[in-house]
Number of protein chains: 2
Amino acid sequence: MVRDSIRILQAQGHKATRPRKLVLEVLEETEKPLSPYDIQGILRARGKYLNHVTIYRILDLLCSLNLAHKVLSSGGFVKCSLDDIEGCHRFMVCQHCGAIQEFADKGLCQEENEFARNLGFHTEYHLSEFSGLCSRCYRKWLH
Amino acid sequence: MVRDSIRILQAQGHKATRPRKLVLEVLEETEKPLSPYDIQGILRARGKYLNHVTIYRILDLLCSLNLAHKVLSSGGFVKCSLDDIEGCHRFMVCQHCGAIQEFADKGLCQEENEFARNLGFHTEYHLSEFSGLCSRCYRKWLH
DNA sequence: GGCTAAATGCAACACTATTGCAATTAGCTA
DNA sequence: TAGCTAATTGCAATAGTGTTGCATTTAGCC
């Protein structure tokens with residue numbers, strides 16, 4: 001909820017401004033990654049104007065507080081839907097509808113870490129984006 | 001080797017032009033991801049000019065032939081170092097020196113697929129970028 | 001050497017992202 | 001509730017990234 005994010009924002013000494021609330025609302029409503037200009041467009045359609053620089057800065061802040069993530073394959077931003085991500089961000093991106101699902105799994109992380117270590121690489125952070133079909137689109141695909 | 005890539009290029013009906021050889025040479029030399037403008041800069045420093053549009057087009061071609069990959073976390077391009085990637089691209093990115101190591105593991109892929117399936121997601125393609133320290137930088141880190 | 005389709009270079013443009021500074025505002029205090 | 005101040009936003013300017021159409025050049029063929 002937007003309200004929760006605002007609380008976290010304030011707890012860290014940041015102000016609960018109108019632009020921040022608007023960006024959080026938009027992110028909250030959609031499960032697809034949005035670019036700064038996407039967000040500006042959505043708000044403009046509602047008669048609420050935000051400068052793009054402001055949106056960039058707000059998204060930076062939200063990411064730094066782990067309230068949002070940048071999805072690298074599309075460059076867009078999504079709200080963070082997990083409380084604790086344990087140094088491991090995972091997204092499943094639906095190729096058909098673009099929807100994002102964030103998830104985490106400790107066991108999988110450990111396995112991957114071990115695999116990397118065998119190759120001489122010391123991982124401390126995972127970024128995984130799986131591309132495929134979400135359950136809804138998969139059902140449609142099967143007719 | 002550049003020579004191998006050129007052969008693959010020609011086998012698919014593409015010409016072995018001077019610009020393509022130059023881009024392949026640069027990609028071959030470095031294990032760090034390079035943006036189109038990085039490549040242009042490196043070549044310019046050697047007195048060889050390529051238009052940035054040309055470089056974009058060459059990188060598109062190389063990626064479509066699986067001779068190069070786009071590394072999403074940095075947006076740069078690296079040469080492909082694996083013959084068969086089985087629908088699964090993996091990179092380990094060193095946080096310290098930026099070096100990239102590409103790798104693949106069928107078992108890990110299967111495990112990830114299964115995990116995704118349990119969440120109702122049907123994956124056909126993985127993109128994983130692990131961030132950490134490569135063996136050389138890790139040794140330095142330990143003093 | 002000449003031919004032709006493919007590839008490159010160029011110019012123009014659109015989109016994305018960043019910086020410095022002036023104006024505004026949230027949240028504090030009285 | 002009004003006033004204060006630092007934080008935040010908006011604006012203008014600019015830099016960087018990526019794309020398109022078209023004229024020119026070139027690789028690979030005869």
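Protein chains get the first letters and strands the later ones, always in sequence-line order, with residue 1 at the start of each. Heavy atoms only: backbone and side chains are in, while hydrogens, waters and symmetry mates are out.
- Contacts of Tyr37(A) with the nucleic acid, taken as non-hydrogen atoms under 4.0 Å apart, include base atoms.
- Annotation: the span from His69(B) atom NE2 to Glu102(B) atom CD amounts to 4.0 Å, rounded to 0.5 Å.
- Residue Ile58(B) is the one, among Lys70(A) and Ile58(B), whose nearest nucleotide of DNA chain C lies closer to the 5' end (criterion: closest heavy atom).
- One can place CG of Leu34(B) at 17 Å from C1' of dG16(D), the figure rounded to the nearest angstrom.
- Between Arg20(A) and dA26(C), a side-chain N or O to OP1/OP2 separation shorter than 4.0 Å is absent.
- The existence of a salt bridge linking Lys106(A) and Glu111(A) is excluded, since no basic side-chain nitrogen approaches an acidic carboxylate oxygen closer than 4.0 Å.
- Salt bridge status for Arg7(A) with Asp4(A): present, with a side-chain N to carboxylate O gap under 4.0 Å.
- Following rounding to the nearest Å, Leu22(A) (CG) and dT8(D) (P) show an atom-to-atom distance of 16 Å.
- Here dA17(C) presents its C1' atom at 14 Å from CD1 of Ile39(A), a figure rounded to the nearest Å.
- Ile6(A) places its CD1 atom 13 Å from the C1' atom of dT8(D), with the value rounded to the nearest Å.
- Using a 4.0 Å cut-off between charged nitrogen and carboxylate oxygen, Arg90(B) and Glu112(B) count as a salt-bridge pair.
- One finds no side-chain N or O of Tyr56(A) lying less than 4.0 angstrom from the OP1 or OP2 phosphate oxygen of dC15(C).
- dA7(C) atom C1' lies 13 Å from atom NZ of Lys21(B), rounded to whole Å.
- Closest to the side chain of Pro36(B), from the set dG18(D), dT19(C), dA17(C), is dG18(D).
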Could you walk me through whether Tyr37(A) and His52(A) pass the ring pair (Phe, Tyr, Trp, His ring centres under 6.0 Å) check?
-> CA-CA 7 Å; Tyr37(A) 288 95; His52(A) 72 278; 5.4 Å; yes
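- dA6(C) atom P lies 15 Å from atom CD of Gln12(B), rounded to whole Å.
- The neighbour count for Arg136(A) CZ, taken as heavy atoms of other residues, nucleotides or ligands under 6.0 Å away, does not exceed 12.
- Between the base of dT9(D) and the side chain of His52(A) there is no donor-acceptor pair shorter than 3.5 Å.
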What's touching nucleotides 27-30 of chain C from the protein side, N or O pairs under 3.5 Å?
from, atom 1, to, atom 2, distance (Å)
dG27(C), OP1, Gln10(A), NE2, 2.8
dG27(C), OP1, Ala16(A), N, 3.0

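- Of the two residues contacting DNA chain D, namely Arg18(B) and Asp60(B), the nearest-nucleotide position lying further toward the 5' end is that of Asp60(B).
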Determine, step by step, whether Tyr138(B) and His96(B) satisfy the ring pair (Phe, Tyr, Trp, His ring centres under 6.0 Å) criterion, reporting the C-alpha distance in whole Å, the side-chain angles of both residues, the deciding distance to 0.1 Å, and the verdict.
-> CA-CA 9 Å; Tyr138(B) 186 67; His96(B) 188 255; over 10 Å; no
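- With rounding to whole Å, Leu50(A) atom CG is found 9 Å from dT9(D) atom C1'.
- In this structure, the nucleotide among dG9(C), dT8(C), dT20(D) sitting nearest to the side chain of Asn51(B) is dG9(C).
- In this structure, OH of Tyr49(A) is placed 13 Å from P of dT9(D), rounded to the nearest angstrom.
- You'll find that the side chain of Arg57(A) is closest to dT19(C), out of dA11(C), dT19(C), dT18(C).
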